[in-house]
Protein chains: 2
Amino acid sequence: MPTRKKRVTIKDVAQAAGVSTQTVSRVMNNVSYVSGETRQRVENVVEELGYRPSTLARSLIQQRSYTLGIVTFGLKYIGPSRTLNGIADQADKLGYMLVMKELDNFDTAHINDVLGSLLARQVDGILWAAPEISDNHDWLEEHLSSIPVPILFIAMQPKQGVSSVSTDNFQGAVMATEHLLGIGRKKIAHISGPLTWWEALERKRGWRETMEKNGLDASERCCTEGNWSSASGENAFNQLLDAYPDLDSVFVANDQMALSVLREAHRRNIRVPEQLAVIGFDNLPESAYFYPSLTTISQDLQLLGEEAVQTIVQMIQARQNNEAVTAQPRFIQPTLVVRESA
Amino acid sequence: MPTRKKRVTIKDVAQAAGVSTQTVSRVMNNVSYVSGETRQRVENVVEELGYRPSTLARSLIQQRSYTLGIVTFGLKYIGPSRTLNGIADQADKLGYMLVMKELDNFDTAHINDVLGSLLARQVDGILWAAPEISDNHDWLEEHLSSIPVPILFIAMQPKQGVSSVSTDNFQGAVMATEHLLGIGRKKIAHISGPLTWWEALERKRGWRETMEKNGLDASERCCTEGNWSSASGENAFNQLLDAYPDLDSVFVANDQMALSVLREAHRRNIRVPEQLAVIGFDNLPESAYFYPSLTTISQDLQLLGEEAVQTIVQMIQARQNNEAVTAQPRFIQPTLVVRESA
DNA sequence: CTGATTTATGTTATCGATAACATGTTATCG
DNA sequence: CGATAACATGTTATCGATAACATAAATCAG
């Protein structure tokens, strides 16, 4: 039976070192005056007892928890978890802890609940990393002013007075489409993500506007809609082939769906890239090993997460100092990765 | 400029409702006697002011935080994040919050630090979801008894007196190998993960022991080692072909590396599965869409995470009630998913 | 040498909640 | 009808830390 140690508190240390708790506190935080001798004595006791100040108690008195609340969605997918990785990294560097909540639906009641439980934890700021789908951000935005801590959205439509950090999905789609144009393709189709998602809309818009700018067909027959999954990509591609049989290339809104396109093309003996150029979006670690390897738009989600943390911490500090915060949308630029498929 | 609301405390509510803070507390927690009229009045005020009890303060007095500490590693990969997803789900159901720490190296000092910061947050229990590599668990296990809260390891070598939940990697490898035997293959090669990882060792052991039991060759020339990445899979496969050119099938320790094998086989005009049967491990969402679709061992990481939370919560409650806890390793059985590649 | 500073430490109040205890009012029962 | 139990509410102590204030000794400046 292991010794069930009781938590060591500041009082234990104070008593063992023969000083007041305040002095222990001073030693721990390196503030104010403490004589070298006393400091040494206290430090020895701290070491010996394995004392760690309770962040709980500290947060309570200081009204500051050095904790960020993270609201995620779809963690089981690679995208959100790479963002989370960036967040975790940067939070660690800046001395913040993370309290995580996964959102599984977008009911107002549930959102309110999640928000409330984070606030009850006295988080210093909130990172909202759940995607913008239909109007699921509306309620939140309306209530922004009544949330007592700064909040920053990851991947949302830029909006006046709301802080956000997003990949520039539109620009990414433009780059993808222009790359296809650059290799001489004219009949460029598009398989989009679910059009309730802001990100899917942006990618589609990038494709459409680029096509139109070049006087090319971007009508509805040139595109179909998937739901990001490989399975849906297969369907979407088959539909597309029916509706637009003479396409010469396709911009697929994510790599998972693009994978299905490659596979289905192979099955139908459509040669990639000769007969059909394919370009994806996301740059999964596996995409370089698809057959043929996938040309794609790489979004740096790790960086996205890191920037998000930096920004929210700035917002927290600004508020602390009672400075005005100008809420601003920010964008991270994606990059084109050229491989065999286009 | 939004109104920068101050936090609403129990005192505010008490004052506004004209009762003592204790009565408010009673209403919030539904304990002891409160008259219907008073309850209603307090509830109205709570609603009106948007009061939420501070979990911080509550945790402090109750010596219980309803928070679990999670130590993760390699979040940017799909495996850990699916486990995390299961953890988040189940924690939510059982009313626990998560405080997350990502581990980026295995220095004793760093491990101690991470542990300490979780304990300072007064977590009620810890889930150690960082992989067992070489002897990186040793220090932890030695110090188990001095950690004042229960700790449960995810995916570690079963050990007397240590609680853990793991996928049965050995059994999964046995299933994979037996499946290949079942379709008449005899020259079964293996591409392992990095052999410093416990999971890689187990998978290799499953393959080796099954081969030996059937009197087949499982010598070192029949296997090579990768590092889980697709890139390493390509190298490992090429080496394997040099050392063991007449192999008829290969069990690859994860799907990412298996993807490279499929691709390289295609490039060399080796027909899969006719000339070379391939089986992977993990069952990535994309694996069904590889070409050909990949037969693999599916480990239910979501479930793993859920079981882990259930177990740690039981441990917490047992300790709360001063019951004895018998630390036990537990296993989750993987399943075989047969597709085209084998 | 004396008053102002600097140094060193202790005491009390506080953060926001609940536990433990106290007290008064209504029912209930023999 | 008086005693006991059930109901209803308030008061004080407490969790573990830091802030704010207080005090005393040592150092320093003129």
TODO: Identify, between B:Tyr33 and B:Leu60, the residue whose nearest nucleotide on DNA chain D lies closer to the 5' end.
DONE: B:Tyr33
Task: A:Glu307 side chain to A:Ile332 backbone, donor-acceptor under 3.5 Å - done: no
- [ ] Send over the distance from B:Ile61 CD1 to C:dT14 C1', rounded to a whole Å.
- [x] 14 Å
TODO: Searching all strands shown, indicate the nucleotide that pairs with C:dG30 (Watson-Crick or G-U wobble; both distances under 3.5 Å).
DONE: D:dC1
TODO: Establish, from distance only, whether the side-chain atoms of A:Gln314 and A:Gln310 form a donor-acceptor pair under 3.5 Å.
DONE: no
TODO: Assign A:Gln22 to base, sugar-phosphate, or nothing according to its heavy-atom contacts below 4.0 angstrom with the strands shown.
DONE: base
Open item on the list: I need the CG-P distance between B:Asn29 and C:dA20, as an integer number of Å.
Closed with: 14 Å
Task: Interatomic distance where CG belongs to B:Leu56 and C1' belongs to C:dT18 [whole Å] - done: 14 Å
TODO: Please tell me which of A:Thr9 and A:Arg26 maps to the more 5' nucleotide of DNA chain D, matching each residue to the nucleotide holding its nearest heavy atom.
DONE: A:Thr9
Open item on the list: So A:Thr55, base contact, sugar-phosphate only, or nothing? Heavy-atom distance under 4.0 Å.
Closed with: nothing
- [ ] Please determine, for C:dT6, whether a Watson-Crick or G-U wobble partner exists with both distances under 3.5 Å, and give it or none.
- [x] D:dA25
TODO: Could you tell me how the ring of B:Trp128 sits relative to the ring of B:His137: parallel (under 30°), tilted (30 to 60°) or perpendicular (over 60°)?
DONE: perpendicular
Open item on the list: Please classify the nucleic acid contact of A:Val19 as base, sugar-phosphate, or nothing, using heavy-atom distances under 4.0 Å.
Closed with: sugar-phosphate
Open item on the list: Counting only side-chain nitrogens and oxygens, does A:Ser35 get under 4.0 Å of the OP1 or OP2 atom of C:dT7?
Closed with: no
Open item on the list: Expressed as a whole number of angstroms, how long is the span from A:Arg39:CZ to C:dT9:C1'?
Closed with: 13 Å
TODO: Could you check how far CZ of B:Arg58 sits from P of C:dA19, rounded to whole Å?
DONE: 9 Å
Open item on the list: Measure NZ/B:Lys11 against P/C:dT18 and give the value in whole Å, please.
Closed with: 13 Å
- [ ] Show the numbers, then the answer: is there a salt bridge (charged side-chain N to carboxylate O under 4.0 Å, His left out) between A:Asp12 and A:Arg7?
- [x] CA-CA 10 Å; A:Asp12 303 326; A:Arg7 180 171 291 288; over 6 Å; no
TODO: May I ask you to verify if any side-chain N or O of B:Ser32 is less than 4.0 angstrom from the OP1 or OP2 atom of D:dC7?
DONE: no
Task: Nearest-Å distance for atom pair CZ/P, residues B:Arg64 and D:dG16 - done: 16 Å
- [ ] Would you kindly say whether B:Gln40 and B:Asn44 are connected by a side-chain donor-acceptor distance under 3.5 Å?
- [x] yes
Open item on the list: On the nucleotide C:dT18, are OP1 or OP2 found under 4.0 Å from the side-chain N or O atoms that B:Gln63 carries?
Closed with: no
Open item on the list: Using Watson-Crick or G-U wobble geometry with both distances under 3.5 Å, which nucleotide pairs with D:dA8?
Closed with: C:dT23
Open item on the list: Taking only side-chain N and O atoms of B:Ser54, does any of them lie within less than 4.0 angstrom of OP1 or OP2 on C:dC15?
Closed with: no
TODO: Please check the phosphate of C:dC15 (OP1 and OP2 only) for any side-chain N or O of A:Gln62 closer than 4.0 Å.
DONE: no
Open item on the list: Would the distance check show the side chain of B:Arg330 and the main-chain N or O of B:Val165 forming a donor-acceptor pair, the cut-off being under 3.5 Å?
Closed with: no
Open item on the list: If you compare every side-chain N and O of B:Ser59 against the phosphate oxygens of C:dA17 (OP1, OP2), does one of them come in below 4.0 Å?
Closed with: no
Task: Length of the CD-P vector between B:Gln122 and C:dT18, whole Å - done: 16 Å
TODO: Could you say whether A:Ala57 or B:Val31 is positioned toward the 5' end of DNA chain C, judged by the nucleotide with the nearest heavy atom to each?
DONE: A:Ala57
Open item on the list: Does D:dG10 have OP1 or OP2 under 4.0 Å away from a side-chain N or O of B:Thr23?
Closed with: yes
Open item on the list: At 4.0 Å (heavy atoms only), tell me whether A:Arg52 reaches a base, stays on the sugar-phosphate, or touches nothing.
Closed with: sugar-phosphate
